[in-house]
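Letters A, B, ... mirror the listed sequences (proteins, then strands); counts begin at 1. Just so it is clear, the values below take in all heavy atoms, side chains as well, and ignore hydrogens, waters and symmetry mates.
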Amino acid sequence: METVLCSDPTALPQPGTTKPSWESLSSVKQSHAQILKSPRRPSRDLVAKLVAVYGKFGDVSSAVRAFAASPWPPDAFLFNSLIQAHVCNSLFLRSFIIYREMLDNGVAPNRYTFPPLFKACSCATQLTCGKQLHAHSTKRGLTGDPFVAAALVDMYMKNGEVNGARRMFDGMKTRDVVLWSALLAGYSQNGLPQEALQVYEQMRRAGVAVDNVAVVSAIAACSQLQELHLAGGGLHSLALKSGFVAEVVVGTALVDMYASCGELPAAKQMFGEMHHKDLVAWNCLINWWAEKGPPLEAFKLFVEMQRSRRLKPNGSSLAGLLPAIARCGSLQLGKSCHGFMLRRNFGSDEFVVTALMDVYAKSGDLVVARKLFDGICSRNVISWSAMIAGCGAHGRVEEALSLFDEMLRRGIRPNHITYIGVLSACVHGGFVDEGRRYFLQMIEHHSITPSLQHYTCMVDLLGRAGLFEEARELIRGMPAEPPPEIWGALMGACRIHGNVKLGKYAAEKLFELKPADPGFYVLLSNIYAAAHMWSEVRRVRGLMRELGLRKPVGWSSVEIGCRIHSFLSGDKSHPDSDEVYERLGELISKAKETGYVPRKEVVLHDVEDDVKESVLSSHSEKLAMAYGWSRLMSGKPIRIMKNLRTCEDCHSFAKFVSTVTHREIILRDAVRFHHIKDGICTCSDYW
DNA sequence: TTAGGGTTAG
């Protein structure tokens with residue numbers, strides 16, 4: 001062994017010592033400088049260690065310089081270190097080039113060479129390259145090495161080659177915990193949680209001591225399965241007994257599991273019990289609150305994270321928070337986030353930009369959403385799907401479908417979510433032929449098995465067009481018993497077309513499947529009311545009372561400056577209520593002068609006409625419209641959000657208001673956007 | 001010197 005000449009004996013690795021005292025980049029550089037000053041040339045092993053440690057500190061340039069100055073020719077250890085330094089700094093393509101140089105210089109790769117290269121193939125999704133390297137490792141008899149094998153299983157799994165990974169695993173005679181975990185994690189990461197839990201069970205039966213990593217992957221599988229009580233509960237107990245729970249990764253996996261099962265209080269409690277919380281743990285909590293919790297709470301968590309832990313949000317934090325803003329539908333808040341994102345240089349992060357695009361689309365500003373979409377350099381299937389869905393929801397059906405065609409022309413393969421957007425667009429536009437064609441194309445050309453959402457879209461599309469027999473045929477052809485969503489869509493179509501008989505049939509199915517959902521009772525009562533079958537209406541309403549079910553309360557909001565003002569139907573609690581009703585009265589008079597006739601048939605109670613008109617005139621969206629007109633500057637669009645579907649009368653009224661006030665009205669309801677300008681709505685009147 | 005893990009846009 002060569003002796004290292006150095007004035008400070010603690011600064012350099014000494015023979016026999018296990019841990020070098022290179023704890024910072026500056027200490028490494030200092031030692032390196034001393035080595036260079038020394039009259040004797042350093043050994044290859046010492047340079048290789050320097051290269052590795054430079055890589056770990058993220059200084060790839062110094063690693064390359066150290067390598068270049070090493071005794072020539074470099075050996076395998078030196079090349080391995082240089083490859084590793086590049087891989088751990090995400091310079092994957094460069095690592096392949098170094099491997100090529102290694103071969104060109106006649107240096108034989110060894111068991112240490114391949115794991116980092118397979119990792120590079122995993123991260124850079126380079127399956128072809130991975131397969132070639134697999135062949136190289138086999139040729140050299142290295143594939144049986146446990147480190148190489150585990151890296152290979154991981155490489156195949158990360159590239160979505162589940163069967164390849166399994167074959168690799170099955171071919172191994174000795175299987176350690178890391179090899180098992182690579183398989184288990186791979187199944188979980190590929191959306192196969194059942195298989196992942198099976199592997200976990202097999203692993204335990206095989207007597208392998210389960211470690212923290214295996215537990216994390218099994219918990220992740222439970223999150224996907226939303227399986228909290230059997231496997232999930234057992235894993236939490238195991239994590240507690242073994243002490244793994246103290247690890248931030250294990251704690252985060254448990255937070256995620258509780259939240260994904262809808263147990264937000266348990267998730268928050270788990271989060272509170274974690275001693276150390278890193279950025280991923282915070283992001284996990286924020287993401288779930290943004291999706292399922294009160295949107296403002298998600299925003300508060302985002303602020304709290306930065307204050308209390310002094311953590312800097314990354315792209316995931318923002319992409320996770322933005323759905324909360326999208327749910328609020330607040331354009332102002334969306335713009336603030338946009339500014340924050342630009343200041344923090346997330347303007348080219350496609351995750352963040354796609355999430356922001358969705359915020360603008362859901363806040364009613366499709367123009368900015370489209371600009372953001374056009375500005376994304378590498379648009380993937382997710383950004384295309386988001387834009388297509390946005391256009392469809394805004395009634396820009398032709399634009400949605402032409403975007404879809406363009407996406408196909410560019411060779412982007414659509415997935416099941418893309419087709420949900422495409423089929424919904426067809427529903428919004430009443431494009432029956434196109435819908436049928438896309439549904440078949442999805443199955444036959446893209447081998448996508450229709451999901452519940454696809455079937456629901458099709459039933460909705462056919463039902464709205466009055467093609468009840470075709471809709472029923474489709475339902476009969478479904479592989480499993482139709483769930484409530486399907487009958488709900490059919491019932492909605494029955495209301496539009498006054499099909500009492502089929503509506504009643506669908507309602508009976510729904511009352512069996514979801515007896516406590518008030519929405520379906522209301523829908524049936526609406527079907528009877530539209531047919532003037534008032535005794536049936538009373539019977540259904542009576543049934544609702546007996547069951548203690550109440551119609552969900554409708555509310556609308558309008559954004560004025562930085563504030564959101566909400567109104568219930570007939571609401572008089574707003575501080576400016578007098579002004580709201582006075583201005584609404586003006587609007588109704590002006591609208592009537594230009595031809596607006598209240599559509600009293602929309603009111604479903606068996607009451608006198610004047611009562612119906614008074615009920616109609618205080619619908620929450622009308623109150624919000626009047627307040628917006630009163631308070632927003634002249635020419636500014638009025639943006640309204642409604643929690644339920646807008647009724648036909650309010651839709652018609654909004655068209656007259658847009659004409660008499662010369663304002664654009666953008667109304668987001670539970671299913672779509674209505675862009676109304678000069679008396680015309682971009683979405684069809686196809687109800 | 002080398003392998004497997006938690007969050008993340010539609």
Step by step, would you call A/Met274 with A/Thr252 a side chain to side chain contact (heavy atoms under 4.5 Å, CB included)?
CA-CA 9 Å; A/Met274 287 168 69; A/Thr252 307; 3.6 Å; yes
Below 3.5 Å, can you tabulate the donor-acceptor pairs from side chains in residues 196-203 of chain A to any protein atom, sequence neighbours excluded?
none

Heavy atoms only, 4.0 Å cut-off, all strands: where does A/Asp349 land among base, sugar-phosphate and nothing?
nothing
Describe the nucleic acid contact of A/Val381 in one word from base, sugar-phosphate, nothing, applying a heavy-atom distance below 4.0 Å.
base
Is there a ring pair (Phe, Tyr, Trp, His ring centres under 6.0 Å) between A/Phe404 and A/Tyr438 once you walk through the steps?
CA-CA 10 Å; A/Phe404 180 63; A/Tyr438 287 123; 5.5 Å; yes
Looking only at atom types and distance, does a side-chain atom of A/Arg111 sit under 3.5 Å from a main-chain N or O of A/Val148, one as donor and one as acceptor?
no
Is it the case that the side chains of A/Asn80 and A/Thr113 hold a donor-acceptor pair, with the cut-off being a distance below 3.5 Å and no angle test?
yes
Assess the side chains of A/Asp405 and A/Ser402: does a donor N or O sit below 3.5 Å from an acceptor N or O?
no
With a non-hydrogen cut-off below 4.0 angstrom, is A/Ala52 in contact with a base, only sugar-phosphate, or nothing?
nothing
Could you walk me through whether A/His134 and A/Phe114 pass the ring pair (Phe, Tyr, Trp, His ring centres under 6.0 Å) test, one step at a time?
CA-CA 9 Å; A/His134 184 180; A/Phe114 289 103; 9.7 Å; no
So if I take residues 187-198 of chain A and measure heavy-atom distances to DNA chain B, which residues fall below 4.0 Å?
A/Gln189
N-O pairing of A/Glu304 and A/Lys300 below 4.0 Å
no
Is it the case that the side chains of A/Asn283 and A/Asn314 hold a donor-acceptor pair, with the cut-off being a distance below 3.5 Å and no angle test?
yes
Could you tell me whether the side chains of A/Gln224 and A/Ser188 share a donor-acceptor contact shorter than 3.5 Å?
yes
Base, sugar-phosphate, or nothing: which does A/Asn314 touch, judged by heavy atoms less than 4.0 Å apart?
nothing
Could you list where the contact with chain A starts and ends along DNA chain B, reading 5' to 3', using a 4.0 Å heavy-atom cut-off?
B/dT1 to B/dG10
Describe the nucleic acid contact of A/Val153 in one word from base, sugar-phosphate, nothing, applying a heavy-atom distance below 4.0 Å.
nothing
Aromatic contact between A/Trp289 and A/Phe302, with the criterion being ring centroids under 6.0 Å apart: yes or no?
no
Give me the stems containing DNA chain B, sorted by first residue, counting only three or more consecutive Watson-Crick or G-U pairs with both distances under 3.5 Å; say none if there aren't any.
none
Would you mind classifying the nucleic acid contact of A/Val177 as base, sugar-phosphate or nothing, using non-hydrogen atoms under 4.0 angstrom?
base
Which ones in residues 283-291 of chain A lie close to DNA chain B, meaning a heavy atom under 4.0 Å from one of its atoms?
A/Asn283, A/Cys284, A/Asn287
Just do the salt bridge (Lys or Arg N to Asp or Glu O under 4.0 Å) check on A/Glu399 and A/Arg370 with the steps written out, would you?
CA-CA 11 Å; A/Glu399 190 178 342; A/Arg370 182 65 201 251; 3.0 Å; yes
Candidate pair A/Ser260 and A/Gln226, rule side-chain hydrogen bond (donor to acceptor under 3.5 Å, both in side chains), full reasoning:
CA-CA 6 Å; A/Ser260 67; A/Gln226 306 210 326; 5.1 Å; no
Indicate, with a heavy-atom threshold strictly under 4.0 Å, whether A/Asp45 touches base, sugar-phosphate, or nothing.
nothing
Could you tell me whether a side-chain N or O of A/Gln306 sits under 3.5 Å from a main-chain N or O of A/Arg310, the two making a donor and an acceptor?
no
Do A/Leu408 and A/Ile412 touch side chain to side chain, with heavy atoms closer than 4.5 Å?
no
Could you go step by step and tell me if A/Asp45 and A/Phe77 meet the side chain to side chain contact (heavy atoms under 4.5 Å, CB included) rule?
CA-CA 7 Å; A/Asp45 279 10; A/Phe77 187 5; 3.3 Å; yes
Hey, does A/Lys158 reach any base, or is it just sugar-phosphate, or nothing, if we go heavy atoms under 4.0 Å?
sugar-phosphate
Check DNA chain B against residues 140-151 of chain A and give the residues with a non-hydrogen atom under 4.0 Å, in numerical order.
A/Pro146, A/Phe147, A/Ala150
